[in-house]
Structure formats: structure tokens, C-alpha cells
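For reference, the structure is listed below as C-alpha cells.
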Number of protein chains: 2
Amino acid sequence: MTDRQLPATAWAVLGVLSWDREMTGYDVKQWADHSLTFFYWSPAVSQIYGELKRLEAVGYITGRDEPVDEQRTKRVYAITDDGRKALTEWLEESSVDAPVLKHGVMLRVWLGHMSTPERLRATLLQHREQTEAMLADVTASERSAEHEPDWSYPALVLRWGERYYRNELAQIDELLQELDGR
Amino acid sequence: MTDRQLPATAWAVLGVLSWDREMTGYDVKQWADHSLTFFYWSPAVSQIYGELKRLEAVGYITGRDEPVDEQRTKRVYAITDDGRKALTEWLEESSVDAPVLKHGVMLRVWLGHMSTPERLRATLLQHREQTEAMLADVTASERSAEHEPDWSYPALVLRWGERYYRNELAQIDELLQELDGR
DNA sequence: CGTTGCATGTAAGGTGTTACATGATTAC
DNA sequence: GTAATCATGTAACACCTTACATGCAACG
């Protein structure tokens, strides 16, 4: 309960629970895949279970075994008042570190002199497809979020994501053009 | 020499050496800070030294002790033919994984309901400053790269970076506006 | 004479992934 | 009937950072 510093992933997981829904680790992963993943990243399932354990240990969430049928239970977690307070305090912190971007495609373009224009084109086109898939996903998530009053901030971020991935597409096309012009 | 798979960081370091300049670990760090950092990220110095050791062990680079004055030497590395071949093969690989984005600022906006509009504004304004600094850096790097014929691909990527950070600024302003309008 | 730059590493520790393991239920 | 979904976790391991340690040279 002292303000131990947690990794950003822990805050992200706690954040998923901040809408006051009880969730299993599995649920958290689903939510992460449909929102966090667009601007942060979706932690591995195993890590989520680990973070949940840690968050429970420090009292930011509480777990409860809910019966799912006669023999089995599942563990559902809910944020506590301490957790809400800690999360708000974390958001208060001024130390916002710069976004981390690891763009493997640009790394390859950067090393273009070791490759061929055709190969670069192929890489960019593949990346274009992946980006279009992301854009489709973010747009789909947007539609599920837009009518929920509680999700006005997530909706804001999803719109941001839509613009982000549209820009990424424009950037790819720009690069493809520049590659052609040589 | 067998195609052991190296982490992306190792390829990035090898990439820095792919312009056939002999470099110390320190030099590699400087170069990373002035180019890689805009679209990938700049590894810690200690990691660079580690990667150089590993790359030398697999024969992708060779090290040489160059005298710097009477008593001391520095270790300068150069890429080998094996290294060039391996790097080209790595670029050939189709498995380009999606760019990793960890945007702490957007994580905070996403959790806006746990914070206040004023606090969000402050965070965004701080991020705006950092982004403007990045834009200034990338523009400066562009100027040093634009006249070197060997650096046409890096120059391409730096121009990409300039557009990327300009877009980031536009996105921040858009968010600031949307926050005002509520 | 103190700070910055050059130059090189080790050690410890946290972060995060993949692979493995298990088992019930639901959908095709 | 077999694949996907729900559900949970452990173990091994790789990756990467921070802190620590050292020492000279140059600049102010």
C-alpha cells in the first residue's frame, strides 16, 4: 500500500479494471486485445495472471472465486478503493516518459542499401496489409465504444488510433512512391 | 556462422556498422542516438557492448585494438563479409512483425475518467514539448544526412520521421481541442 | 579544478516471452 | 469428432536497464 512503483503493465491491467467490472485474467486479456493493443501493447496472458497476483498482493484489487459450474470456479478480480487511489496518483505523476516506438519496417528501410527496392516494396506492402487490418480492428472497436457513456475517453483514444493508423497508411504510400522515383 | 537468430537489437547494431565505418561501442551509441532512436530505439550503452561481443563471437564483425595514445587502445569494430551476408539475409526474411508502440500518454488519456481534464491537458502539453524536441532533432539529423550519397535510405527514413512527429503534434492538438469541447 | 566527453565494461535485477501443462464446454 | 473458446498457471529463458566502477583528456 506504500507507493511501490509498479511497471506500466501493472497500471494498464489495473486500468482495465478501473471501469468497475469484475474480470478474470482471461477477460483482461480480451479487453487488452481490443483496446490497449492499439496504443500500448497487449501483454502475454501469463504476464497478466502474474500482474493480477501482484496487484492483489499490494491490495489494489481483490479476487473472489466465482462458481462456474458444480466442480469449478473462476477467479474474478475487482479494483479496490486503494487501487483507485493509487491509479489516480499514478496518473497525477508528471513523469511521462516518451512513447516507445520499435518500427521494424522502418529499420529495414533504413538498411535499404543492404537490400533491394523490390524486397523493400514487398516488406512495405506486407506492412500495409497489417496496418489495414489494425485500422479495421480499431474502427470496429470504435463502433462498440461510441454509445457507451462510460467509455468517452476510450472512444477518444480509439478515434486517435484510427487517425494514427490512417497516417501510417499514408506514410507507407509515400514511401512506396519515393521508392518508385529512383 | 550458422544462422543463429539474433535479437532485433543485434541487427540494428550490425546495421549501424553496415556503412563500412570502423566504430567503437561508444560511436555506435552516438549513431544510434542520432538515427535509430527516431523509429526504433536507442539501446543502453552496456547492451551495445554486449551485442558487439556477441556479433564478434559469431563472426559478423571483427574487432581491432587501435592505439589512442601511448598507454591506451580503443576497440574498433568493422562488419565482415559474413556479417553483410547475414544482415542481407535477415532483411530478406518475410517475417516482419508489427511495429511496437507503447504510448504512455495515450494510456493516460484512456484512463481519463480516473483523472481530470486539467491534468490531462498538462500531460498532453508536456508531451507536446517532448515531441517538438524530437522533431527538432530529426530535422537536424536530416540536414546532416541529406548531402551524403550513401545515406539516401537513412535520409528517406529521417524524412519519414519528420512527417511522423509532425503528425504526432497534430494529433496532440486535436486531442487538446476535443478535451476543450466538453 | 570541476564538468563534460570519450571509452569500456560487470553485476544485479526486473520485465516479458514462449513453451508446456491441463481440462471443460461449445460450435462446426 | 475436432477445433476453438474459456480458464489458469509454472518454468525456463532471453532481453534490457540501472547502478556501479574506472580513468584520461579537454574545456571553461
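Throughout, protein chains are lettered first and strands after them, A, B, ... in sequence-line order, and every chain is numbered starting at 1.
Within residues 32-48 of chain A, the residues that have a heavy atom under 4.0 Å from DNA chain D are, in order of number, A:Val45, A:Ser46. Looking at residues 14-27 of chain A, you'll see that no heavy atom sits under 4.0 Å from any atom of DNA chain C.
In this structure, OG1 in A:Thr80 is found 10.0 Å from CG in A:Leu17, a value given to the nearest 0.5 Å. Atom OH of B:Tyr165 and atom OG1 of B:Thr131 lie 8.0 Å apart (nearest 0.5 Å). In this structure, the separation between CG on A:Leu87 and CE on B:Met114 is 4.5 Å, given to the nearest 0.5 Å.
What separates CD of B:Gln71 from P of D:dG23 is a distance of 13 Å, to the nearest Å. Rounded to a whole Å, the CZ atom of A:Arg72 is 12 Å from the C1' atom of D:dT5. Rounded to whole Å, atom P of D:dT8 lies 11 Å from atom CD of A:Gln30. One can place CG of B:Leu6 at 16 Å from C1' of D:dC16, the figure rounded to the nearest angstrom. When rounded to the nearest whole Å, the span between CD of A:Glu51 and P of D:dT10 equals 14 Å. When rounded to the nearest whole Å, the span between CD of A:Gln5 and P of D:dT18 equals 12 Å.
Using a 4.0 Å heavy-atom distance criterion, A:Lys29 is classed as making no nucleic acid contact.
Across the helix from C:dC1-D:dG28 to C:dC28-D:dG1, the helix axis at one end is tilted relative to the axis at the other end by 40° (nearest 10 degrees, each axis from five pairs).
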Exercise for the section: Go through the steps for B:Arg121 and B:Asp180 under the test salt bridge (charged side-chain N to carboxylate O under 4.0 Å, His left out), then give the verdict. Expected result: CA-CA 9 Å; B:Arg121 277 193 68 81; B:Asp180 279 346; 3.0 Å; yes
Practice task
Would you please test B:Arg163 and A:Glu178 for salt bridge (charged side-chain N to carboxylate O under 4.0 Å, His left out) and show each step?
Solution key: CA-CA 14 Å; B:Arg163 292 192 300 271; A:Glu178 294 200 53; 3.6 Å; yes
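Contact between the side-chain N/O atoms of A:Lys102 and the OP1/OP2 oxygens of D:dC15 is not found at any separation under 4.0 Å.
Screening B:Trp19, B:Tyr40, B:Trp31 against A:Trp110 for a ring-ring contact (aromatic ring centres under 6.0 Å, His included) leaves a single residue, B:Trp19.
For the pair A:Arg108 and B:Trp11, the cation-pi criterion (under 6.0 Å, within 45° of the ring axis) is not fulfilled.
Residues B:Leu179 and A:Leu156 are in side-chain contact: their nearest non-hydrogen atoms beyond the backbone lie under 4.5 Å apart. Counting only heavy atoms from C-beta outward, the side chains of B:Val45 and B:Tyr49 approach each other to under 4.5 Å. Considering only heavy atoms from C-beta on, B:Phe38 comes within 4.5 Å of B:Leu158 through its side chain. With contacts defined as side-chain heavy-atom distances shorter than 4.5 Å, the pair A:Lys85/A:Asp81 does not qualify.
In 5' to 3' order, the nucleotides of DNA chain C bounding all contacts with chain B (an atom under 4.0 Å from a heavy atom) are C:dG5 to C:dG16.
Applying the side chain to side chain donor-acceptor pair (under 3.5 Å) test to pairs two or more places apart or on separate chains, none has a residue in residues 136-151 of chain B.
Residues satisfying the ring pair (Phe, Tyr, Trp, His ring centres under 6.0 Å) test with A:His103, not counting sequence neighbours, are A:His127, B:Trp160.
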